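Notes to accompany the following structure.
Note that the coordinates shown come from a computational prediction; the quantities given were computed from them, not determined experimentally.
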Amino acid sequence: MIADVLVMIRKRSRTVIGAALLGCLMTPQAGLAADCPGNPNALGTSRTIVVDPREHPRIGTMQYPETLPLADHEVVLTFDDGPLPKYSNQVLAILASQCVKATFFTIGSQARFNPEGVRKLVAAGHTVGTHTQNHPLTMNKMPLERVRQEVDDGIASTLAALNGDKSKLAPFFRIPGLMRADIPEAYLASQGIQVWSADFPADDWRHISPQRVYDLAIQRIEARHKGILLLHDIQPRTVAALPRILNTLKERGYRIVHVVPATADRPATPTEPQQWFMRPPTETVAITRWPKIPNFVFTATRTLPAPVFADMDWRDADILDHAQRARVGASVRTLWPQPQLTQLAAVSTLPIPAADVFRVPEALDLTLLVARSAADRRLAQRATAVPGVGAPRAQAISARQARHPKQAAHQIPAAAHGRLHGAPLHVVPPAASNASVHVAKRTPRAEASAASKRVPD
């Protein structure tokens with residue numbers, strides 16, 4: 001009997017423990033459903049984080065190294081360019097139906113024309129930041145005065161819509177078009193205002209369909225699993241895509257996080273430095289745990305005195321004294337044999353040739369010797385025996401030789417042209433000993449007599 005009672009007690013204790021564990025696991029979701037009346041399956045807001053703008057002046061990995069300290073599958077919703085009653089009111093109704101809190105960056109001129117829309121944002125529990133006065137897309141080129149005017153006027157117009165209550169306006173700012181630059185970032189940091197970029201946009205400012213807005217938002221969220229989503233509450237395509245985006249995020253296990261600024265009564269949420277990175281370094285990387293090196297300020301920069309011989313170690317002094325007392329001969333330079341230049345003998349100079357050696361007489365008449373055989377000699381004698389035969393041709397050849405002395409060496413004499421088919425002609429230069437060069441104009445008769453004298457024996 002006692003054993004049965006003990007078994008009953010053990011079973012009941014296990015049941016109670018299991019119910020308690022299940023209740024702990026389901027408490028956040030049950031609380032979210034309870035916090036959203038009329039929609040027990042609402043996405044809801046999982047938690048609220050408090051950030052200090054001065055500790056982290058710039059966030060959003062589209063442009064900066066840091067982002068919000070989110071856990072896996074946590075998303076922050078942001079909306080720009082409102083309020084515009086036609087579409088901003090519909091966005092507020094969609095968020096309210098899912099009990100979701102977001103951050104709105106209002107334009108000063110929009111807040112001036114629609115102050116009631118700014119008050120609706122605050123009344124619904126959303127965070128309100130600013131987005132300049134006139135939404136210029138040239139803040140990366142503006143001088144400091146223009147930047148200051150756009151930022152300050154946008155804040156003033158939004159505060160006027162909130163009746164000057166600064167506690168309702170967050171020191172959050174988004175540069176129009178994300179046109180970041182050093183001048184606006186430095187000015188905003190000096191004013192304690194946090195610059196928000198984003199981790200992924202949905203491109204809803206472009207002329208695309210609501211289906212495309214939904215696809216881009218879900219694809220980019222799934223690629224990183226956490227981050228800041230950039231939307232616009234003045235676009236009809238955003239109004240049409242927003243319900244599907246929220247439902248898909250709930251189906252895939254994502255949670256919405258609300259962000260508020262730190263105040264004197266509301267300290268910042270404790271975080272670790274690596275939580276502010278989209279992909280923090282692993283625990284095996286030692287650089288994340290190394291202490292920071294302080295910046296030392298040197299008050300005096302005097303020059304240290306030069307060391308003297310007395311400051312040296314006694315062993316060094318003994319070595320130096322031993323080296324001084326030792327009689328070490330000076331090093332002698334080895335005389336290597338130098339190359340001897342060969343004396344060149346004087347070269348005998350040849351005499352300069354006279355100028356007349358190179359003088360060539362004009363109208364040079366070269367004599368070509370032909371007819372070596374007996375038949376050739378008989379043909380030559382027959383040509384010289386008859387003065388009238390061959391004289392005109394010899395005269396023509398002589399005239400051409402006078403006009404073209406260089407071509408005369410290649411001319412065949414008249415006697416050779418009269419012979420019949422016989423042995424080939426042999427062109428032989430004149431003998432060096434007995435030959436002479438005749439430069440003169442000759443008559444036909446003299447030409448015929450000269451031809452008989454030029455025939456060799």
Side-chain angles (χ1 to χ4, degrees), residues 49 51-70 75-82 102-111 127-158 169-206 216-217 220-221 223-224 226-235 238 257 259-262 271 273-280:
I49 60 174
V51 298
D52 189 348
R54 296 188 180 275
E55 292 183 359
H56 302 275
R58 291 176 287 274
I59 58 174
T61 55
M62 286 184 67
Q63 294 175 301
Y64 307 115
E66 291 186 342
T67 188
L68 290 172
L70 302 176
V75 177
V76 173
L77 301 178
T78 62
F79 296 88
D80 290 2
D81 297 352
T103 301
F104 290 81
F105 295 93
T106 62
I107 297 177
S109 58
Q110 296 279 58
T127 301
V128 177
T130 54
H131 199 42
T132 71
Q133 176 68 15
N134 300 300
H135 199 275
L137 296 176
T138 56
M139 288 197 71
N140 57 331
K141 302 178 182 179
M142 284 184 180
L144 179 58
E145 293 301 324
R146 288 284 311 280
V147 170
R148 181 185 293 111
Q149 182 179 1
E150 282 290 338
V151 173
D152 294 350
D153 290 352
I155 294 174
S157 298
T158 307
L169 181 62
F172 298 160
F173 184 88
R174 178 171 280 160
I175 300 175
L178 303 181
M179 298 296 179
R180 62 166 298 272
D182 293 338
I183 293 178
E185 289 172 356
Y187 175 70
L188 292 165
S190 66
Q191 301 299 311
I193 300 175
Q194 189 178 49
V195 179
W196 283 49
S197 181
D199 294 316
F200 29 73
D203 294 357
D204 57 343
W205 67 88
R206 296 166 51 197
L216 291 175
R220 291 168 179 174
I221 291 174
R224 296 200 173 189
K226 64 177 181 178
I228 306 169
L229 177 62
L230 171 59
L231 298 169
H232 295 76
D233 61 327
I234 63 170
Q235 300 291 343
T238 306
V257 176
V259 184
V260 296
T271 57
Q274 60 268 18
Q275 292 181 260
W276 293 82
F277 295 94
M278 179 65 71
R279 296 289 182 266

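Of the possible polar contacts, one joining the Thr238 side chain to the His232 backbone as a donor-acceptor pair under 3.5 Å is found. For Arg174 (side chain) and Val195 (main-chain N/O), no donor-acceptor pair under 3.5 Å exists by modelled atom type.
One finds the CD1 atom of Ile175 at 9.0 Å from the CG atom of Asn140 (value rounded to the nearest 0.5 Å). Taken from CZ in Arg279 to OG1 in Thr67, the straight-line distance is 11.0 Å, to the nearest 0.5 Å. With rounding to the nearest 0.5 Å, the separation of CG in Asp203 from CD in Gln235 is 11.5 Å. Here the CE-CE distance, from Met142 to Met179, works out to 11.5 Å after rounding to the nearest 0.5 Å. Within the model, atoms CE of Met62 and CG of Leu178 stand 5.5 Å from one another, a figure rounded to the nearest 0.5 Å.
Put simply, the side chain of Arg220 reaches to within 4.5 Å of the side chain of Pro201, judged on heavy atoms. Inter-residue side-chain proximity for Leu68 and Asp199 is flagged as unmet; no heavy-atom pair is nearer than 4.5 Å. Side-chain contact between Glu150 and Pro184 is absent, with no heavy atoms from C-beta onward closer than 4.5 Å. By the 4.5 Å heavy-atom criterion applied to side chains, Ser157 and Ser109 are not counted as neighbours.
By the side chain to side chain contact (heavy atoms under 4.5 Å, CB included) test, Leu169 pairs with Val128, Thr130, Ile155, Thr158, Leu159, Leu162, sequence neighbours left out. Applying the side chain to side chain contact (heavy atoms under 4.5 Å, CB included) criterion to Glu66, with sequence neighbours excluded, gives His56, Trp276, Phe277. Asp52 is linked by a side chain to side chain donor-acceptor pair (under 3.5 Å) to nothing, counting only residues two or more places apart in sequence or in another chain. In terms of the side chain to side chain contact (heavy atoms under 4.5 Å, CB included) criterion, Ala156 has no residue partners (sequence neighbours excluded). Every residue two or more places apart in sequence or in another chain that forms a ring-ring contact (aromatic ring centres under 6.0 Å, His included) with Phe172 is listed here: Trp196. Shown here are the salt bridge (charged side-chain N to carboxylate O under 4.0 Å, His left out) partners of Asp204, two or more places apart in sequence or in another chain: there are none. Residues forming a salt bridge (charged side-chain N to carboxylate O under 4.0 Å, His left out) with Arg146 (at least two apart in sequence, or on another chain): none. Listed by chain and residue number, nothing satisfies the salt bridge (charged side-chain N to carboxylate O under 4.0 Å, His left out) test with Arg224 (two or more places apart in sequence, or in another chain). Scanning for side chain to side chain donor-acceptor pair (under 3.5 Å) contacts around Arg58 gives an empty result, with sequence neighbours left out. Here Ala102 pairs with Leu77, Phe79, Leu95, Phe104, His126 under the side chain to side chain contact (heavy atoms under 4.5 Å, CB included) rule; sequence neighbours left out. Among residues two or more places apart in sequence or in another chain, the salt bridge (charged side-chain N to carboxylate O under 4.0 Å, His left out) test is passed with Asp81 by none.
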*Steps toward side-chain contact (heavy atoms from CB on, under 4.5 Å) verdict (Val259, Thr127)*: CA-CA 7 Å; Val259 184; Thr127 301; 5.7 Å; no

*asked:* side-chain contact (heavy atoms from CB on, under 4.5 Å), that's the test. Do Thr61 and Phe200 meet it? Break it down for me.
replied: CA-CA 8 Å; Thr61 55; Phe200 29 73; over 6 Å; no

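For residues 176-197, the pairs satisfying salt bridge (Lys or Arg N to Asp or Glu O under 4.0 Å) are Arg180-Asp182, Arg180-Glu185, with sequence neighbours left out.
For Gly227 against Met278, the heavy-atom pair with the smallest separation is CA-CE, 4.3 Å. Smallest separation of non-hydrogen atoms from Ala202 and Leu231: CB-CD2, 3.6 Å. Of all the heavy atoms in Gly82 and Gln110, the pair that sits closest is O-CB, 3.5 Å. The shortest non-hydrogen separation linking Ile59 to Ile228 is CD1-CD1, 4.3 Å. When all heavy atoms of Gly108 and Gln133 are compared, the pair lying nearest together is CA-OE1, 3.3 Å. Looking at every heavy atom in both residues, Arg54 comes nearest to Pro57 through O-CD, 4.2 Å.
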